[in-house]
Q: 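I have a structure here, written as structure tokens, and I will follow up with some questions on it.
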There are 2 protein chains.
Amino acid sequence: MAALLKGEASGYDLAKAFDATVANFWMSTPQQLYRELDRMEAEGLVTARVVEQERRPNKRLFSLTEAGRKAVHAYTAEPLGKPAVVRDELLVKVQCLDAGDMEAVRTAIAERMEWATAKLARYERLRQRLLDGRSEEAYFAEAERIGPYLTLLRGMSFERENLQWGDMALRRLEQRTAALRADG
Amino acid sequence: MAALLKGEASGYDLAKAFDATVANFWMSTPQQLYRELDRMEAEGLVTARVVEQERRPNKRLFSLTEAGRKAVHAYTAEPLGKPAVVRDELLVKVQCLDAGDMEAVRTAIAERMEWATAKLARYERLRQRLLDGRSEEAYFAEAERIGPYLTLLRGMSFERENLQWGDMALRRLEQRTAALRADG
DNA sequence: CATACCTATTCACATTTTTGAGTATCAGAG
DNA sequence: CTCTGATACTCAAAAATGTGAATAGGTATG
């Protein structure tokens with residue numbers, strides 16, 4: 001979770017930033033964040049600074065300590081435990097499609113595609129903001145941090161794949177129902 | 001979990017079949033399977049049939065009941081709760097790459113690529129087994145069940161994307177270290 | 001003939017994740 | 001002036017998941 005601390009931020013800020021940037025490969029609820037932050041504070045990896053706000057509830061701004069920075073470094077160095085965890089209900093439905101409600105599955109795929117389109121658009125906006133007018137080449141050469149950009153690209157390619165696959169699947173299903181109808 | 005019951009099978013069989021076919025979008029431990037099977041038996045969605053084996057421990061063969069079949073149908077019809085859950089440690093490391101151990105992250109990406117290659121090969125073998133000599137066109141037209149084939153294709157495109165992205169990322173990182181060295 | 005791994009399942013426990021609410025303040029809409 | 005919604009958290013409890021080992025016979029390897 002230390003992944004998200006590249007600047008000072010409140011738990012609330014993080015929860016939102018999460019959605020925008022890392023939701024792609026890691027999901028989380030606010031509760032989890034706060035718990036982790038508390039834990040990390042106890043371990044001395046982050047420090048909290050309470051900011052009194054006149055017209056808002058107080059918030060705690062967290063920042064990485066030297067120890068935290070080291071922990072991040074150590075984390076990246078250690079071998080990765082598991083390859084990846086994917087859990088996609090849509091694909092479960094597609095898997096049982098032949099014994100299930102074909103029409104509903106089709107709708108579900110279409111919905112997923114819409115959703116992917118929207119996400120792709122958001123990613124693209126974020127990407128343009130990161131690039132800030134520069135070419136990708138220039139960005140990779142100049143930018144301070146390229147990690148987030150690389151993960152963003154992975155998220156984009158994932159959503160594009162979703163779209164392509166969905167398109168293919170819908171076409172195939174249509175062909176099939178047409179063929180089956182013709183067959184009797 | 002009802003997703004995997006298209007034929008009679010023991011818990012052990014399922015656990016293995018899982019790895020081969022659905023591990024792609026759903027992960028599970030044996031315990032979870034057995035627990036779910038017990039639960040589903042209690043709910044009447046599956047029936048168990050004990051098979052005595054001379055030279056092996058006895059096993060219970062499960063099959064879907066009519067109620068189970070209906071439950072599957074109902075499941076595919078209901079709207080999907082969450083889009084998907086991805087949780088990839090590699091991308092977390094890539095995200096912190098700039099504050100972490102660049103060399104280690106590079107190794108991790110390379111490892112992931114090897115792993116993806118292996119997985120792709122297994123998927124391809126499975127695909128050939130499903131096609132069984134037929135063309136894809138023919139398969140979609142004739143086959144009894146196309147759901148598993150569609151999810152398999154999704155798994156394959158996912159791994160291919162992993163490879164492409166990894167390749168790109170490694171190239172960029174190399175370029176960058178070269179550029180930074182030249183810069184001082 | 002010892003060793004290790006495969007079948008087939010179960011148990012107990014630990015950890016994680018999710019769910020759903022509760023607290024409190026302020027801004028803007030109607 | 002009330003109501004909704006955003007900010008900024010916290011708590012308790014349930015549900016799901018994962019860990020690690022125990023059991024117990026069989027089969028293949030050296």
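Side-chain atoms are counted along with the backbone in the values below, which use heavy atoms only and exclude waters and symmetry mates. Since this is a predicted model, take the numbers as computed values, not measurements.
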Q: Side chain of B:D13: nearest nucleotide among D:dC9, C:dT18, C:dA8?
A: C:dA8
Q: If the condition is side-chain contact (heavy atoms from CB on, under 4.5 Å), which residues does B:A178 pass it with, not counting sequence neighbours?
A: none
Q: Counting only side-chain N and O atoms of A:S10, is one of them less than 4.0 Å from OP1 or OP2 of D:dC9?
A: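 Yes, such a contact exists.
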Q: May I have the distance from A:R49 (atom CZ) to D:dC9 (atom P), rounded to whole angstrom?
A: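 So the CZ-P distance, A:R49 to D:dC9, works out to 13 Å.
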Q: Find which nucleotide of DNA chain C each of B:R35 and B:G11 is nearest to by heavy atoms, and output the residue with the more 5' nucleotide.
A: B:G11
Q: Specify the separation, in whole Å, of atom CG of A:L33 and atom C1' of C:dT18.
A: 14 Å
Q: Who are the salt bridge (charged side-chain N to carboxylate O under 4.0 Å, His left out) partners of B:R49, not counting sequence neighbours?
A: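 B:R49 satisfies salt bridge (charged side-chain N to carboxylate O under 4.0 Å, His left out) with B:E8 once adjacent residues are dropped.
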Q: Nearest-Å distance, CD (A:E52) to P (D:dA8)?
A: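 In whole Å, D:dA8 P and A:E52 CD are 14 Å from each other.
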Q: Side-chain atoms of residues 69-78 of chain B: list all donor-acceptor pairs with protein atoms under 3.5 Å, sequence neighbours left out, distances to 0.1 Å.
A:
unit_1, atom_1, unit_2, atom_2, d
B:Y75, OH, A:E89, OE1, 2.6
B:T76, OG1, A:D101, N, 2.8
B:T76, OG1, B:H73, O, 2.7

Q: Could you work out, with ring pair (Phe, Tyr, Trp, His ring centres under 6.0 Å) as the rule, every residue matching B:Y149, not counting sequence neighbours?
A: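 B:Y139, B:F140.
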Q: Would you mind telling me which of D:dA6, C:dA8, C:dT18 lies closest to the side-chain atoms of A:Y12?
A: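 The closest nucleotide is D:dA6.
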Q: Taking the same atom, P, in C:dA4 and in D:dA21, what whole-Å distance lies between them?
A: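 16 Å, rounded to whole Å.
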Q: Within this structure, what is the CD-to-C1' distance between A:E89 and D:dA16, rounded to whole angstrom?
A: 13 Å
Q: If you restrict it to nitrogen or oxygen atoms, what contacts under 3.5 Å exist between nucleotides 20-22 of chain C and the protein, and what is each distance?
A:
unit_1, atom_1, unit_2, atom_2, d
C:dG20, O6, A:Q31, NE2, 2.8

Q: Could you check how far CD of B:Q32 sits from C1' of C:dT9, rounded to whole Å?
A: 16 Å
Q: I'd like to know if the side chain of B:N24 and the backbone of B:T151 have a donor-acceptor N/O pair within less than 3.5 Å.
A: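 Yes, B:N24 side chain to B:T151 backbone: donor-acceptor pair under 3.5 Å.
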Q: Give one of base, sugar-phosphate or nothing for B:R60, where a contact means two heavy atoms less than 4.0 Å apart.
A: sugar-phosphate
Q: Measuring from the side chain of B:K16 (C-beta onward, heavy atoms only), which nucleotide among C:dT7, C:dT9, D:dG18 has the closest atom?
A: C:dT7
Q: Check this for me, if you would: do B:D19 and B:R122 make a salt bridge, where the nitrogen-to-carboxylate-oxygen distance has to be below 4.0 angstrom?
A: no
Q: Measure the distance from CD on A:E36 to C1' on D:dC9 and round it to the nearest whole Å.
A: 16 Å
Q: Could you work out which one of C:dT10, D:dT19, C:dT17 sits closest to the side chain of B:Y34?
A: C:dT10
Q: Which residue pairs satisfy the ring pair (Phe, Tyr, Trp, His ring centres under 6.0 Å) criterion with at least one member in residues 5-47 of chain B, sequence neighbours excluded?
A: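 Those involving residues 5-47 of chain B do not exist here.
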Q: Between B:R172 and A:E137, is the closest basic N to carboxylate O distance under 4.0 Å?
A: yes
Q: Taking for each residue the nucleotide of DNA chain C with the nearest heavy atom, is it B:V85 or B:D38 whose nucleotide lies nearer the 5' end?
A: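 Final value for this comparison: B:D38.
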Q: Once you build an axis from the first five pairs and another from the last five of the helix from C:dT7-D:dA24 to C:dG30-D:dC1, how far apart in angle are they, to 10 degrees?
A: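 Computed from the C1' atoms at both ends, the axes differ by 30°.
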Q: Any salt bridge (Lys or Arg N to Asp or Glu O under 4.0 Å) involving residues 156-170 of chain B? Give me the pairs, sequence neighbours left out, ordered by first then second residue.
A: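 Applying salt bridge (Lys or Arg N to Asp or Glu O under 4.0 Å) to every pair that reaches into residues 156-170 of chain B, excluding sequence neighbours, yields B:D167-B:R171.
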Q: Rounded off to whole Å, could you give me the NZ-to-P distance for the A:K59 and C:dT25 pair?
A: 18 Å
Q: Between A:M27 (CE) and C:dT17 (C1'), how many Å, whole number?
A: 10 Å
Q: For A:Q164, enumerate each residue passing the side chain to side chain donor-acceptor pair (under 3.5 Å) test, keeping only those at least two apart in sequence or located in another chain.
A: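 Partners of A:Q164 by the side chain to side chain donor-acceptor pair (under 3.5 Å) criterion come out as none, since no residue qualifies.
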